[in-house]
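What follows is a single structure, written as structure tokens, with notes after it.
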Amino acid sequence: MATTEVIDPSTGEVFTTVPSLGLAETDAAIERARIAFGEWRRVSPGDRARLLRRFATVVEEHIEELARLEVRNAGHTIGNARWEAGNVRDVLNYYAGAPERLSGRQIPVAGGVDVTFHEPLGVVGIIVPWNFPMPIAGWGFAPALAAGNTVVLKPAELTPLTAIRLGELALEAGLPEHVFQVLPGKGSVVGQRFVTHPAVRKVCFTGSTEVGKSIMAGCADQVKRVTLELGGKSANIVFADADLDAAAAAAPGAVFDNAGQDCCARSRLLVQESVYDKFLALLEPAVRGFRVLDPADDSSEMGPLISSGQRAAVTSYLEGSDIAFRGTAPDANGWWFPPTVLLARSNADRHWREEIFGPVVSVLPFRDEEEAIRLANDTEYGLSGSLWTRDVGRALRVSRAVETGALSVNSNSSVRYWTPFGGMKQSGLGRELGPDALLSFTDVKNVFISTGD
């Protein structure tokens with residue numbers, strides 16, 4: 001079997017290899033999942049819930065191990081990696097409550113009784129990106145399993161290790177064999193087979209908008225369901241009446257977290273022109289003080305980029321741009337890049353419009369509320385964003401007017417596992433997390449029972 005090298009992005013060195021499945025191995029795994037579905041869907045709701053809770057417990061027992069794997073494989077800081085492993089545990093616990101609450105309805109009709117059931121789809125294929133390998137995997141497999149589906153999961157080629165380990169922990173927790181399988185390999189082989197194989201009834205994909213469009217087009221051939229979480233170019237809007245100290249202190253983390261490799265990164269910073277200079281003066285020390293260190297160091301706030309190719313792509317956005325100021329990064333082997341603030345000349349600048357996927361933020365002034373909304377919405381993306389103001393009325397007006405799926409006021413948070421997450425426009429289709437995500441892994445079946453009236 002072919003193998004793939006796994007590289008530590010903080011050193012640039014290969015430290016292990018993993019299998020890379022071909023078409024035959026992928027088909028065999030999907031067939032095993034199809035057969036296992038027949039038994040898994042019949043597991044009682046209470047027993048399915050207990051197995052998911054046990055899975056969460058086993059993940060809890062291995063949080064440090066999973067976190068250390070992610071530090072080595074993805075370059076995530078140890079603090080972030082612990083949170084990410086804990087998020088898998090939390091999402092499993094959350095959806096462990098779902099099987100016993102997957103209720104249909106009784107609908108009043110003449111001549112009988114009409115009831116609905118939420119039926120599982122079958123085999124669900126989940127394609128996970130390299131930027132958040134653990135949480136995004138859990139956001140897919142936890143509700144899919146809770147609803148009674150079986151899962152085949154393809155991790156990113158660059159970051160397969162934690163997904164492979166989660167597959168092992170699922171078996172250790174007692175999930176039946178072949179109910180949850182992890183299939184490392186190329187997207188053009190494994191991922192594409194999820195799209196074309198008729199036994200896979202839904203595909204969940206997180207990644208670029210370009211690839212997401214091709215997956216959606218491929219799934220259309222079989223009327224296959226999709227959930228897509230795609231690109232982002234989110235705005236961080238700071239009004240003059242905001243707590244400027246708090247907004248400036250929080251802004252670096254909103255875009256430099258995970259080295260900016262985050263679809264939710266607030267990489268467009270809009271600042272009201274009357275406080276523009278003051279805000280930049282507050283932002284500069286926050287950026288220069290952002291700690292870019294060995295990701296295994298507990299005090300590190302940012303690690304390296306994922307690859308040399310990603311570093312080259314991010315670097316290209318600095319050519320001909322106005323650099324306001326930069327932070328620091330280790331002068332060492334690996335794919336390091338310092339936090340960088342660019343001044344946008346207009347909303348036509350390339351670094352303002354395109355998703356950089358690195359630790360680079362573009363700053364642009366705006367005059368008033370109307371212009372802030374216009375500039376925020378002038379993008380093909382609509383995933384996340386923030387606004388800072390003390391005016392509650394403005395907070396509500398702007399929140400409703402900005403075209404994005406998740407927005408925070410006086411905060412930069414995007415994801416809570418108990419609330420919906422997903423994008424508008426070309427940032428995606430469907431919603432993950434929250435109480436309703438489970439239903440996207442089911443079909444509604446209507447049953448009428450005649451009473452002979």
Quiz item: If you take all heavy atoms of G382 and S427, which pair is closest and at what distance?
Solution: N-OG, 2.8 Å
Quiz item: Does the ring of W336 carry R311 above it, NZ/CZ under 6.0 angstrom from centre and within 45° of its axis?
Solution: no
Quiz item: Is there side-chain contact between K154 and V128, with heavy atoms separated by less than 4.5 Å?
Solution: no
Self-check item: Approximate separation, where rounding is to 0.5 Å, of I373 CD1 and D378 CG
Solution: 13.5 Å
Quiz item: Residues two or more places apart in sequence or in another chain: which of them pass ring pair (Phe, Tyr, Trp, His ring centres under 6.0 Å) with W130?
Solution: F357
Quiz item: Are V360 and V314 side-chain neighbours, meaning at least one heavy-atom pair lies under 4.5 Å?
Solution: yes
Ignoring hydrogens and angles, write down the donor-acceptor pairs under 3.5 Å from the side chains of residues 132-147, residues two or more places apart or on other chains.
unit_1	atom_1	unit_2	atom_2	d
W139	NE1	N87	OD1	2.9
W139	NE1	P135	O	3.3

Self-check item: side-chain hydrogen bond (donor to acceptor under 3.5 Å, both in side chains) partner of E70, chosen from N80, T162, T77
Solution: T162
Quiz item: Between E355 (side chain) and G232 (backbone), is there a donor-acceptor pair under 3.5 Å?
Solution: yes
Quiz item: Within the distance-only criterion (no hydrogens, no angle test), does the side chain of N73 pair as donor or acceptor with the backbone N or O of L161 below 3.5 angstrom?
Solution: yes
Practice problem: Take K202 and T227 through the test side chain to side chain contact (heavy atoms under 4.5 Å, CB included) and record every step on the way to the result. | Solution: CA-CA 8 Å; K202 177 172 182 173; T227 295; 2.9 Å; yes
Practice problem: Side-chain contact test, heavy atoms from C-beta onward, threshold under 4.5 Å: evaluate it for V179 versus N149 and give yes or no. | Solution: no
Self-check item: With L364, the side-chain contact (heavy atoms from CB on, under 4.5 Å) member among L375, L269, D349, V271
Solution: L375
Practice problem: Could you tell me whether the side chain of T150 and the main chain of A33 form a donor-acceptor pair under 3.5 Å? | Solution: yes
Quiz item: Can you find a side-chain donor-acceptor pair between S20 and T3 that sits under 3.5 Å?
Solution: no
Quiz item: Any donor and acceptor pair, going by atom type alone, linking the side chain of K233 with main-chain N or O of R268 inside 3.5 Å?
Solution: no
Quiz prompt | Donor-acceptor contact below 3.5 Å, side chain Q181 vs main chain G167 | solution = no
Quiz item: So, do V226 and L429 sit near enough that their side-chain heavy atoms are less than 4.5 Å apart?
Solution: yes
Quiz item: Does some side-chain heavy atom of L92 sit less than 4.5 Å from a side-chain heavy atom of R53?
Solution: no
Quiz item: Is the backbone N or O of S384 less than 3.5 Å from a side-chain atom of S234, with the two atoms forming a donor-acceptor pair by type?
Solution: yes
Quiz item: Hey, what do you get for CZ (R105) to CG (N446), rounding to the nearest 0.5 Å?
Solution: 9.0 Å
Quiz prompt | G75 versus P304, closest heavy-atom pair with distance | solution = O-CD, 3.5 Å
Quiz item: Considering residues, nucleotides and ligands other than R101, do more than 12 of their heavy atoms fall under 6.0 Å from its CZ?
Solution: no
Quiz prompt | Minimal non-hydrogen separation, P176 against W40, with atom names | solution = CD-CZ3, 3.7 Å
Quiz item: Side-chain contact, heavy-atom cut-off 4.5 Å: F337 with T315?
Solution: yes
Self-check item: Near-ring test F366/F239, centroid separation under 6.0 angstrom
Solution: yes
Exercise. Can you tell me which residue pairs pass the salt bridge (Lys or Arg N to Asp or Glu O under 4.0 Å) test with a partner in residues 418-434, sequence neighbours excluded?
Key: E403-K425
Quiz item: Quick one: CZ on R54 to CD on E60, what's the gap to the nearest 0.5 Å?
Solution: 11.5 Å
Self-check item: Check: K186 side chain, E157 main-chain N or O, donor-acceptor pair, under 3.5 Å
Solution: no
Exercise. State plainly whether the residues R201 and D443 are in salt-bridge range, i.e. N to O under 4.0 Å.
Key: no
Quiz item: Would R41 and E119 pass as an ion pair if we require N to O under 4.0 Å?
Solution: yes
Practice problem: Might you work through the side chain to side chain contact (heavy atoms under 4.5 Å, CB included) test for H351 and I356, ending with a clear yes or no? | Solution: CA-CA 7 Å; H351 61 79; I356 297 174; 3.9 Å; yes
Quiz item: Quick one: does R390's side chain have a donor or acceptor within less than 3.5 Å of a partner on A242's backbone?
Solution: yes
Exercise. State whether the side chain of R193 and the backbone N or O of T26 hold a donor-acceptor pair below 3.5 Å, judged by distance alone.
Key: no
Quiz item: Would D8 and S10 count as having a side-chain donor-acceptor pair, cut-off 3.5 Å?
Solution: yes
Quiz item: Is NZ or CZ of R350 both nearer than 6.0 Å to the six-membered ring centre of Y317 and within 45° of the ring axis?
Solution: yes
Practice problem: Taking ring pair (Phe, Tyr, Trp, His ring centres under 6.0 Å) as the test, write out the residues that go with Y94, two or more places apart. | Solution: Y417
Self-check item: Residues S386 and N412: side-chain donor-acceptor under 3.5 angstrom
Solution: yes
Quiz item: Is the count of non-hydrogen atoms from other residues, nucleotides or ligands lying under 6.0 Å from E31 atom CD greater than 12?
Solution: yes
Quiz item: Is L169 close to F55 at the side-chain level, that is, under 4.5 Å between some pair of heavy atoms?
Solution: yes
Quiz item: Which pair of non-hydrogen atoms, one from V195 and one from C219, has the smallest distance, and what is that distance?
Solution: CG1-N, 3.7 Å
Quiz item: Are side-chain heavy atoms of F205 and M216 found at a separation under 4.5 Å?
Solution: no
Quiz item: With sequence neighbours left out, which residue pairs that include part of residues 364-373 fulfil the side chain to side chain donor-acceptor pair (under 3.5 Å) condition?
Solution: R367-E371, E369-R394, E369-R397, E371-R374
Self-check item: Contacts of E65 that satisfy salt bridge (charged side-chain N to carboxylate O under 4.0 Å, His left out) - sequence neighbours left out
Solution: R165
Self-check item: For A173 against L51, the heavy-atom pair lying closest together
Solution: O-CD2, 4.2 Å
Practice problem: Test M424 against Y381 for side chain to side chain contact (heavy atoms under 4.5 Å, CB included), laying out the working first. | Solution: CA-CA 7 Å; M424 296 180 177; Y381 299 114; over 6 Å; no
Exercise. Kindly give the heavy-atom pair with the smallest separation between L383 and L230, and that separation in Å.
Key: CD2-O, 4.2 Å
Quiz item: Donor-acceptor pair, S316 side chain versus A313 backbone, under 3.5 Å?
Solution: yes
